[in-house]
Enquirer: 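Handing you a structure now.
Order of listing sets the numbers, starting from 1, for every ligand and every atom in it.
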Amino acid sequence: MSRSVSNLTTIVKEIADEMAQRPDRGEVANYIPELANVHNKRFGLVVVDGAGNVASAGDSEMPFSIQSISKVFTLTLALGLVGDKLWQRVGREPSGSPFNSIVQLEYERGKPRNPFINAGAIAVTDVILSGHQPREALGEILRFMRFVADDPSIAIDESVAASEQRTGFRNIALANYMKSFGVLDNPVNHVLGVYFHHCAIAMSCRQLAMAGRYLAWSGVNPSTGHSAVSAERARRINAVMLTCGHYDGSGEFAFRVGLPGKSGVGGGVLAVAPGKASIAVWSPGLDVHGNSHLGRVALEALSKRMGWSIFGV
Ligand code: GLU
């Protein structure tokens with residue numbers, strides 16, 4: 001093992017030990033009943049470098065609900081389907097509003113600010129669904145996740161999907177509101193069915209870090225050589241992750257961590273250090289913006305100790 005790899009392994013383990021001691025763990029999401037059952041003591045961290053070396057600590061192999069992290073992969077898929085025309089359907093500006101906010105939609109006549117707030121991700125799901133049955137669209141999303149992670153075992157947690165389907169009143173409102181502006185082409189219940197199910201994909205930190213490799217290495221998985229997107233597209237997806245990936249906590253995440261990242265209310269975060277690493281962290285307790293509290297603290301420590309901030313050391 002090279003010195004830098006053993007250094008990374010040591011740092012990852014140190015950070016996991018430090019996080020285990022912290023009393024401030026945030027609050028587990030409870031608006032999706034199934035997510036409320038997860039213990040907020042859980043913590044996992046995995047870093048994959050360009051040579052395929054993996055540094056991991058904590059609950060790194062335990063699957064959790066990736067929730068909004070799935071929006072990175074659906075954005076990638078939708079861009080592959082319709083190219084830059086996607087930006088006519090959804091913007092790419094930070095919203096400065098909560099992830100499930102409806103107010104901005106009224107001012108902006110149903111066009112969501114960006115693909116990572118719920119309204120935007122629902123519009124992106126509509127694009128993937130067009131011309132397909134919901135089951136086929138979901139199959140396409142799952143196939144893409146398995147391809148980029150190079151792991152055929154990735155699956156949907158049906159109990160989480162059913163739980164959100166029963167209680168997702170705000171998302172139902174958002175989708176109906178967009179439909180009223182003519183922004184969704186497909187039936188609202190089909191779009192939401194696919195949306196709730198892709199949010200309910202379960203992955204471990206290891207699988208997620210593996211899946212993020214195409215974003216860290218200009219569209220190509222450096223281990224398999226498989227290309228997922230062009231270098232230009234990977235760069236742009238990273239830009240949207242940096243500016244919009246943490247909802248109204250995106251500025252704070254950029255300030256503290258300095259890496260493109262996407263969070264989910266399951267407590268996961270996928271972050272990329274371009275050309276250096278793909279990183280996944282999981283700690284289910286959330287801050288007031290719905291982002292993993294210790295996930296952010298751990299990534300701040302990692303980025304600082306490794307000198308990985310894209311803004312300089
Ligand atoms: N499925 C969740 C919702 O729509 C995703 C939110 C998130 O992870 O931030 O409310």
Side-chain angles (χ1 to χ4, degrees), residues 26-38 40 63-75 90 94-102 104-105 112-126 128 138 141 145 156-178 184 188-203 205 208 211 240-241 243-250 252-253 261-271 280-293 295-296:
E27 294 291 324
V28 174
N30 57 11
Y31 76 99
I32 301 174
E34 201 69 21
L35 295 184
N37 301 332
V38 181
N40 80 351
F64 61 91
S65 192
I66 67 167
Q67 291 296 319
S68 283
I69 304 171
S70 62
K71 297 172 183 174
V72 174
F73 303 97
T74 51
L75 171 64
V90 59
S95 71
S97 316
F99 65 96
N100 53 9
S101 169
I102 201 163
Q104 220 160 33
L105 267 185
R113 264 294 167 99
N114 69 62
F116 292 155
I117 51 172
N118 287 7
I122 291 168
V124 167
T125 301
D126 182 61
I128 296 173
L138 210 47
I141 295 168
M145 298 295 311
I156 292 168
D157 184 332
E158 290 291 343
S159 60
V160 173
S163 181
E164 193 171 2
Q165 210 135 19
R166 270 196 312 276
T167 56
F169 303 113
R170 287 221 196 180
N171 288 322
I172 294 166
L174 285 171
N176 278 294
Y177 202 57
M178 284 193 286
L184 300 183
V188 165
N189 62 333
H190 287 190
V191 182
L192 285 174
V194 177
Y195 172 78
F196 290 144
H197 279 81
H198 75 62
C199 287
I201 292 172
M203 290 168 80
C205 284
L208 201 52
V240 183
M241 284 170 74
T243 53
C244 311
H246 283 72
Y247 312 116
D248 43 347
S250 297
E252 186 70 6
F253 188 83
K262 180 74 203 86
S263 68
V265 289
V269 183
L270 171 66
V281 63
W282 175 48
S283 173
L286 308 179
D287 64 18
V288 289
H289 302 303
N291 301 313
S292 174
H293 171 61
R296 202 260 298 135

Enquirer: What distance separates I66 CD1 from C199 SG, expressed to the nearest 0.5 Å?
Expert: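 Atom-to-atom, I66:CD1 and C199:SG are 8.0 Å apart.
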
Enquirer: Report all protein residues having a heavy-atom distance below 4.0 Å to some atom of ligand 1; order the list by chain, then number.
Expert: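 Lining ligand 1: Y31, Q67, S68, F99, N118, E164, N171, Y195, C199, Y247, G264, V265.
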
Enquirer: Residues two or more places apart in sequence or in another chain: which of them pass ring pair (Phe, Tyr, Trp, His ring centres under 6.0 Å) with F116?
Expert: none

Enquirer: Under a plain distance cut-off of 3.5 Å, with no hydrogens placed, do E164 and H197 share a side-chain donor-acceptor pair?
Expert: no

Enquirer: Output all residues satisfying ring pair (Phe, Tyr, Trp, His ring centres under 6.0 Å) with F196, sequence neighbours left out; order by chain, then residue number.
Expert: none

Enquirer: Would you find more than 12 non-hydrogen atoms of other residues, nucleotides or ligands less than 6.0 Å from E158 atom CD?
Expert: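 Check passes, neighbour count above 12.
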
Enquirer: Taking side-chain hydrogen bond (donor to acceptor under 3.5 Å, both in side chains) as the definition, give me every residue that meets it alongside H246, ordered by chain and number, with sequence neighbours left out.
Expert: none

